[in-house]
Protein chains: 2
Amino acid sequence: MLMDPRTLARHEARAQVFKALAHPSRLLMVDELMQSERCVCELTALVGSDMSTVSKHLSVLKTAGVVADERRGAQIWYRLRMKCVARFFACVDSELQRQAREQFDLVHADTVPK
Amino acid sequence: MLMDPRTLARHEARAQVFKALAHPSRLLMVDELMQSERCVCELTALVGSDMSTVSKHLSVLKTAGVVADERRGAQIWYRLRMKCVARFFACVDSELQRQAREQFDLVHADTVPK
DNA sequence: CCGCCATTTGGCTAAACTGCCAAGTGTGCA
DNA sequence: TGCACACTTGGCAGTTTAGCCAAATGGCGG
């Protein structure tokens with residue numbers, strides 16, 4: 001992969017964001033954080049994994065710049081930092097739905113001629 | 001991870017899209033496809049990997065619904081199917097840039113008192 | 001039908017990712 | 001100071017992913 005270092009670096013940084021979002025548990029947490037900030041214990045209850053696992057997931061999201069954390073006493077609260085994921089989620093959902101519909105129409109094109 | 005199957009399925013499908021985008025080479029190709037459709041040979045030249053590797057990358061993007069392909073003679077042309085990635089890329093870039101700036105300001109807060 | 005070209009698929013190894021347990025860190029309270 | 005609580009980090013085994021080569025597929029011009 002030979003290319004301009006600046007362009008390469010941009011794609012690396014972008015890829016890190018996508019990598020961070022490329023896991024069902026992490027998506028679930030981000031979805032939850034769209035509503036409001038949450039402590040680790042709440043997110044742990046949400047995804048149902050070991051707290052150490054959840055903590056590592058949060059670390060991935062934080063390193064990528066998707067979320068931010070703040071300690072308040074013994075607890076640590078996470079909030080969504082990259083707000084635009086919300087709009088993208090909606091777009092992905094509607095696009096996937098559209099594709100599923102097209103697929104359905106194709107399969108049934110012979111049984112229900114237009 | 002115990003949760004409602006519908007919600008789970010939605011997050012799985014979303015995660016597949018993000019996983020597909022979570023690789024520098026694939027991001028580079030998607031970026032290129034924002035401009036116009038491209039054949040495999042053009043994309044191979046762009047990323048500079050083996051054509052078999054590029055083909056597999058494209059297969060990942062296609063399965064996730066991000067791109068679509070069409071055979072024309074001996075060549076196969078790929079086009080961007082999930083158009084909204086463009087807007088999201090722009091948002092991610094500006095957000096990452098903002099974060100980098102904030103980080104810079106923090107580090108130099110003592111040397112350049114406001 | 002044959003050879004050539006563009007692309008995909010199979011197979012293999014190295015690297016990265018996941019998730020659990022155990023151990024470590026930081027905070028508040030007695 | 002000591003202990004309980006919230007969370008993070010280290011480490012390990014199992015799974016997935018990446019990228020190369022080689023082999024197979026599909027289409028086109030003889």
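Quick note on labels: first sequence line is chain A, next is B, and so on, each numbered from 1.
Here C:dG28 presents its C1' atom at 11 Å from CZ of A:R71, a figure rounded to the nearest Å. A:D50 places its CG atom 10 Å from the P atom of C:dA22, with the value rounded to the nearest Å. Between the CH2 atom of B:W77 and the P atom of C:dA6 there is a distance of 12 Å, given to the nearest Å. For A:Q16 and C:dC17, the CD to C1' distance is 14 Å, given to the nearest whole Å. To the nearest angstrom, P of D:dC7 lies 13 Å from CE of A:M29. Rounded to whole Å, atom P of C:dT27 lies 9 Å from atom CD1 of A:I76. Atom-to-atom, CD of A:Q75 to P of D:dC5 comes out at 13 Å; the value is rounded to the nearest Å. Note: CE (B:M51) to C1' (D:dA18) measures 18 Å, nearest angstrom.
Within residues 53-67 of chain B, the residues having any heavy atom under 4.0 Å from DNA chain D are, by residue number, B:T53, B:K56, B:H57.
Distances shown here put a side-chain N or O of B:Y78 below 4.0 Å from the OP1 or OP2 atom of C:dT8.
Taking only distance into account, the side chain of B:S52 meets the base of D:dC21 through a donor-acceptor pair shorter than 3.5 Å.
Place B:D69 and A:K19 on DNA chain C by their nearest nucleotides, and B:D69 ends up nearer the 5' end.
Heavy atoms from other residues, nucleotides or ligands lying under 6.0 Å from CZ of B:R98 number more than 12.
Salt bridge annotation for A:R10-A:E12: absent, with no cationic side-chain nitrogen under 4.0 angstrom from a carboxylate oxygen. Of the charged side-chain nitrogens involved, at least one lies within less than 4.0 Å of a carboxylate oxygen, so that B:D31 and A:R14 count as a salt-bridged pair.
Among the protein residues, A:R72 comes within range of no part of the nucleic acid, since none of its heavy atoms lies under 4.0 Å from any strand.
Applying the ring pair (Phe, Tyr, Trp, His ring centres under 6.0 Å) test to every pair with at least one member in residues 50-94 of chain B, sequence neighbours left out, gives these pairs: A:F18-B:F88, A:F18-B:F89, A:F88-B:F88, B:H23-B:H57.
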Next item on the list: Decide side-chain contact (heavy atoms from CB on, under 4.5 Å) for B:K83 and A:E95; before the verdict, give the C-alpha distance in whole Å, the side-chain angles of both, and the deciding distance to 0.1 Å.
Entry: CA-CA 9 Å; B:K83 296 285 175 54; A:E95 180 65 27; over 6 Å; no
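With B:T63 contributing its side chain and B:S59 its backbone, the two residues share a donor-acceptor pair below 3.5 Å. Proximity of a side-chain donor or acceptor of A:T44 to a complementary backbone N or O of A:V40 within less than 3.5 Å is detected.
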